[in-house]
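Scroll down for the structure; my scribbles are underneath it.
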There are 2 protein chains.
Amino acid sequence: MRERPQTSAPAGRPAVAARPVIRRALLSVDVILFTPHGRRLTVLLVRATDPRARERWELPWDAARAEEALDVAAARIARSALGAGPAWTRQVVASGGEQRHPGETEFSIAYLGLVPAGTPPPVGGEASWFPLDEIPPLAPRHRAMVDSALAMLRLELDQSPVAFRLLPPTFTLSQLQEVYEVLLGRKLHKASFRRALHAAWLVEPIDEWRSEGRGRPAQLFRYAPKKKRTGRRGVRFDLLG
Amino acid sequence: MRERPQTSAPAGRPAVAARPVIRRALLSVDVILFTPHGRRLTVLLVRATDPRARERWELPWDAARAEEALDVAAARIARSALGAGPAWTRQVVASGGEQRHPGETEFSIAYLGLVPAGTPPPVGGEASWFPLDEIPPLAPRHRAMVDSALAMLRLELDQSPVAFRLLPPTFTLSQLQEVYEVLLGRKLHKASFRRALHAAWLVEPIDEWRSEGRGRPAQLFRYAPKKKRTGRRGVRFDLLG
DNA sequence: TGACATTAGTGACCGAGTGTGACTAATTCG
DNA sequence: CGAATTAGTCACACTCGGTCACTAATGTCA
């Protein structure tokens, strides 16, 4: 599901340099940007700039700079690859030299970033959104980072209402449920989903409806967390592994 | 609750060098080791070896080595500080130069480690267990690592049965509950705790009882996870922050 | 135009899970 | 002996999540 070349180029978007860039560093910061495309979650990859690279695509990355905080570096790298900053970032994992990095760096720190739906990649084809099951070959460390980022995203999902970062400011509850289903990788029951949503006071309806083809028009909602709930659950001994 | 000097030195434990050691590196691996002491969780700190250090105590750490995996490095550092390896480790967080590190390293990767109760620090007073609320002044980055490690530990607690790593092979259910209460920082109801434990098939009783002063003797149990449960919960929108 | 498909949204039931108090059991202490 | 202390279980009420069934509002097509 590569993006077709954009016909309308949004203003203020820096052009991505097409000349070969060779980066060498001990420590890299790598960014995994997710955005939903229809019913599928996609990840941003950029064309390899180093002519000696074995793989044609790679995650956006750059060398860490001593004077720059890691999360700031992640936001910078995301902006440089996408043109727009992510709506939310989170450190995922640090990995070492057991797995090959496209820049041959010794160590890497991976950051996860969420981008609202509908954000196009920069023109020129230097960066594209790839569905998770159509990711081209990546350097092993990058491949592992994508998996870790997805796991971290799902873990974060029931800790904080992060799914809203993937949606525009107003949305229908069906859209919201679809995002959750994409992220969780499983179907949810409509009634249960809305019941839980209502109990958590996370959204409020606005006086607007949207008709999406056939069927009854859906009311639009806005993310507006009202009361904080304690979130105290009992002890559970759920075995995952 | 500093440990008194040990009178009996366990065999096979490497002596910690007392001479000043000056380490310089771009990237460090730092280890936060936890063990329970009575009703309190304690952290292992070692005496600063660099004579120019501002603080007298610090987390065990060393420079990362390109040829060594990060988790292997964490285990090595733990063994070198404690004499025994941790029963479980987990990467916590990577942090950069915004906060001062005792070794003035640019970046650091923190690992959390769990040590069974009753593991004494090496003789010589070069390392000691400190309760969380009696931690001496640490370099800012180390201070932040301790907080992150504790948060990670609590997050992990309801994902996997990690509390058992803090207990000897056989234990009473009251001991187990105490560990959970220490880790969670709140009291649990006895009946609820045991019901959940039973439902998860995590422990099995052995034909042995232990009398702990007054009161009815408690049956001993062993960690023996039987069946894997799906662990599938419904969607919840708990707000934590 | 009217039947039908399609999507949105709600109500109600049931069973599993959780918080809680009260009870019994087995030991030590005085 | 009885009181105190700790271990362990039971039962009740309530909440929560899965599910089905229903109503509502639109487009499609004969």
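Below, read A as the first sequence line, B as the second, and so on, with proteins coming before strands; counting in each chain starts at 1.
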Original post:
Is the shortest distance from a Lys or Arg side-chain nitrogen in A:Arg141 or A:Glu98 to a carboxylate oxygen in the other one below 4.0 Å?
Top reply: no

Subject >> OP1 or OP2 of D:dT26 under 4.0 Å from side-chain N/O of A:Ser211 >> reply: no

**OP:** Check each residue of residues 168-177 of chain B for a non-hydrogen atom within less than 4.0 Å of any atom in DNA chain D, then write out the ones that pass by number, or none.
**Re:** B:Ser174

Original post:
So A:Arg210 and A:Thr172, side-chain contact (heavy atoms from CB on, under 4.5 Å) or not? Walk me through it.
Top reply: CA-CA 8 Å; A:Arg210 175 188 300 163; A:Thr172 70; 4.2 Å; yes

**OP:** Before accepting this row, confirm whether a basic side-chain N of the pair A:Arg186/A:Glu181 lies closer than 4.0 Å to the acidic partner's carboxylate O.
**Re:** no

**OP:** Measure the distance from CZ on B:Arg216 to P on D:dT6 and round it to the nearest whole Å.
**Re:** 14 Å

Subject >> For atom CZ of A:Arg214 and atom P of D:dG27, their distance in whole Å >> reply: 11 Å

Original post:
For B:Leu220 and D:dA7, what is the distance between atoms CG and P respectively, to the nearest whole Å?
Top reply: 12 Å

**OP:** In whole angstrom, give the distance that lies between atom CD of B:Glu208 and atom C1' of D:dA7.
**Re:** 17 Å

**OP:** Tell me which of B:Gln219 and A:His189 sits closer to the 5' end of DNA chain D, going by the nucleotide each one is nearest to.
**Re:** B:Gln219

Original post:
Do A:Arg195 and C:dG9 have a side chain to base donor-acceptor pair shorter than 3.5 Å?
Top reply: no

**OP:** Salt-bridge test for A:Arg40 and A:Glu134: reply yes if a basic N is under 4.0 Å from a carboxylate O, no otherwise.
**Re:** yes

Original post:
So, B:Glu156 and B:Ser160: side-chain donor and acceptor under 3.5 Å apart, yes or no?
Top reply: yes

Original post:
Rounded to whole angstrom units, what separation is found between the NZ atom of A:Lys190 and the C1' atom of D:dA21?
Top reply: 11 Å

Subject >> Closest non-hydrogen atom pair, B:Phe34 against B:Leu132 >> reply: CE2-CD2, 4.0 Å

**OP:** Would you kindly give the CG-to-P distance between A:Leu197 and D:dG17, to the nearest whole Å?
**Re:** 12 Å

Original post:
Closer than 4.0 Å, any side-chain N/O of A:Arg194 to the OP1 or OP2 of C:dG9?
Top reply: yes

